[in-house]
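What follows is a set of notes on a single structure, which appears directly below.
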Protein chains: 2
Amino acid sequence: MGDTAGEIRPEDDGKPRRVRADAQRNLDALLRAAMAAFATSGVDAPVREIAEKAGVGIGTVYRHFPQRSDLIIAVFRQEVDACADAAPALAAAHDPGEALSRWMRRYLDFIAAKRGLAAALHSGDPAYEVLPSYFQRRLVPALQSLLDAAAAAGVVRAGFAATDLLRAVAVLAAPSQELGPEHGRRMVDLLLDGLRYGAGPSPGA
Amino acid sequence: MGDTAGEIRPEDDGKPRRVRADAQRNLDALLRAAMAAFATSGVDAPVREIAEKAGVGIGTVYRHFPQRSDLIIAVFRQEVDACADAAPALAAAHDPGEALSRWMRRYLDFIAAKRGLAAALHSGDPAYEVLPSYFQRRLVPALQSLLDAAAAAGVVRAGFAATDLLRAVAVLAAPSQELGPEHGRRMVDLLLDGLRYGAGPSPGA
DNA sequence: CACATATACGGAACGCTGTTCCGTTTTTCA
DNA sequence: TGAAAAACGGAACAGCGTTCCGTATATGTG
């Protein structure tokens, strides 16, 4: 689903050559290695370390990602996509209320994991300016669909904006670093209970 | 007032020699140069650049500030002190209501200027862990005294915690980067109007 | 006043970054 | 099968924070 930088197929024109197989393979390996490195050592993980993990030279890294920030952005987008794509999957596997609360926890984990990136985000580097809009564009519709389904099922109040909920969880997740991982979960549950408060028991009536 | 790293006088013991005059002079020059450099180029300003601005060798910088973060911290504390010390000065020069609103704007400017540092603060580097507590220790009493005086004069509701107000302004100042400097000022004024809402017109009656 | 020494200074040098460059290798397509 | 296009690898460069140590200087004393 998401337009991750990982998939490049010749939908551009008919004439030019196909993307070389080794190039695609290295790109995938790089994204995997970078994701692992960022999870382990944070976003400050050296490019050389990532290249080595991927079994690739430094030059190859910079061929695919001209700047270090491009690699960070690519990994970020990939994980945003994974989080967004979890919404329809959960909606198909559970009832609307359960799908909503499961996705909220999934989102909370994502936010907690990306804590280190938040610092880079607010560093003023213009390279990261594209991230917030991508974040919104992918995650707002994902949550909104769950929210609407839950409202239609009558387990949640209608008319609540996904944007506000996303922002609230992101803000509430910040102190959960110092206060333990329990705190964030409690706050999310509290928010969901708040949504349930004004809900009517049956949709059609 | 504040225990800035800039003043070192032999209150420790009686025996050892006095602090050398050139050492003190260089320390002052370094703090001034660092403050200017951070204001111009942000907290990422190179140590060498600061040393040059101060007319000093790199070795001298590291003699006074073993780590780059120590220099940042020293400047930060100095500016926190300046902001805190503005409270009694404003209280002496204006009536309680005016003193309070003037200090809030002073504090807003401080927060807006230290935006770049905020990123470093949340980077997880343990060197900066001491800063928030210093921030609280100096600024909370400063604001609380203004708040109490204004409440006693009846221009502001009583019983509002300085901590909450400080945090609120800090959070509200963040979007004011993108929304223009007007935004932060409007939000601060709004907060102050909120404080005025429940106030009684005269203190003794 | 001159001297001895604790103290501070300066900047070359080290190791680590991100990034560039280009000779070499590999893949693709005719 | 063979040329040309594409991608690879890693040495090399510039800039960073930090360390180290020979040199200069301020301080208290004989």
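All chains are named by letter (A, B, ...) in the order of the sequence lines, taking the proteins before the strands, and each is independently numbered beginning at 1. Computation of the quantities below employed the complete heavy-atom set of this structure, encompassing side-chain atoms and omitting hydrogens, waters and symmetry-equivalent molecules.
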Are any of H64(A)'s side-chain N or O atoms less than 4.0 Å away from OP1 or OP2 of dA7(D)? no
Any donor and acceptor pair, going by atom type alone, linking the side chain of S145(A) with main-chain N or O of A142(A) inside 3.5 Å? yes
Starting from C1' on dC8(D), measure out to CG on L27(A) and report it in whole angstrom. 14 Å
Evaluate salt bridge (Lys or Arg N to Asp or Glu O under 4.0 Å) for D109(B) paired with R106(B), printing each intermediate quantity in order. CA-CA 5 Å; D109(B) 290 342; R106(B) 171 74 171 78; over 6 Å; no
Tell me the interatomic distance from Q24(A), atom CD, to dT28(C), atom C1', rounded to whole angstroms. 16 Å
Testing dC16(D), dG10(D), dT18(D) for proximity to the side chain of P46(B), the answer is dC16(D)
Whole-Å distance, D70(A) CG to dG18(C) P, equals 14 Å
When the nearest nucleotide of DNA chain D is assigned to A23(A) and to A45(B) on a heavy-atom basis, which residue is associated with the more 5' position? A23(A)
Examine distances only and state if a side-chain atom of W103(A) and a backbone atom of P88(A) form a donor-acceptor pair shorter than 3.5 Å. no
Would you mind reading off the distance between R25(B) atom CZ and dT25(D) atom C1', rounded to a whole angstrom? 11 Å
With a non-hydrogen cut-off below 4.0 angstrom, is A51(A) in contact with a base, only sugar-phosphate, or nothing? nothing
Rounded off to whole Å, could you give me the CG-to-P distance for the L71(A) and dT17(C) pair? 15 Å
Among dG28(D), dC16(D), dA8(C), which is the nearest nucleotide to the side chain of R63(B)? dA8(C)
Lys/Arg N to Asp/Glu carboxylate O, D28(B) vs R25(B), below 4.0 Å: no
Tell me if the side-chain of R17(A) makes a donor-acceptor pair with the base of dT28(C), cut-off 3.5 Å, by modelled atom types. yes
So which nucleotide from dA11(D), dA12(C), dC9(C) ends up closest to the side chain of I58(B)? dA12(C)
Picking from dA26(D), dC16(D), dT19(C), which would you name as closest to the side chain of Y62(A)? dT19(C)
To the nearest 0.5 Å, tell me how far E98(B) CD sits from L146(B) CG. 12.0 Å
side-chain N/O Q67(B) vs dT18(D) OP1/OP2, d < 4.0 Å: yes
OP1 or OP2 of dA8(C) sitting under 4.0 Å from any side-chain N/O of N26(B)? no
Do R48(B) side-chain and dG17(D) base share a donor-acceptor contact under 3.5 Å? yes
For T60(B) and dA8(C), is the shortest distance between a side-chain N/O and OP1 or OP2 below 4.0 Å? no
Taking atom P of dG15(D) as reference, at what distance in whole Å does atom CG of D44(B) sit? 16 Å
Atom-to-atom span, CG of D125(B) to P of dG17(D) - whole angstrom: 13 Å
Between dA7(D) (C1') and F65(A) (CZ): distance, integer Å: 14 Å
With a cut-off of less than 4.0 Å, is there a side-chain N or O of R20(B) near OP1 or OP2 of dT27(D)? no
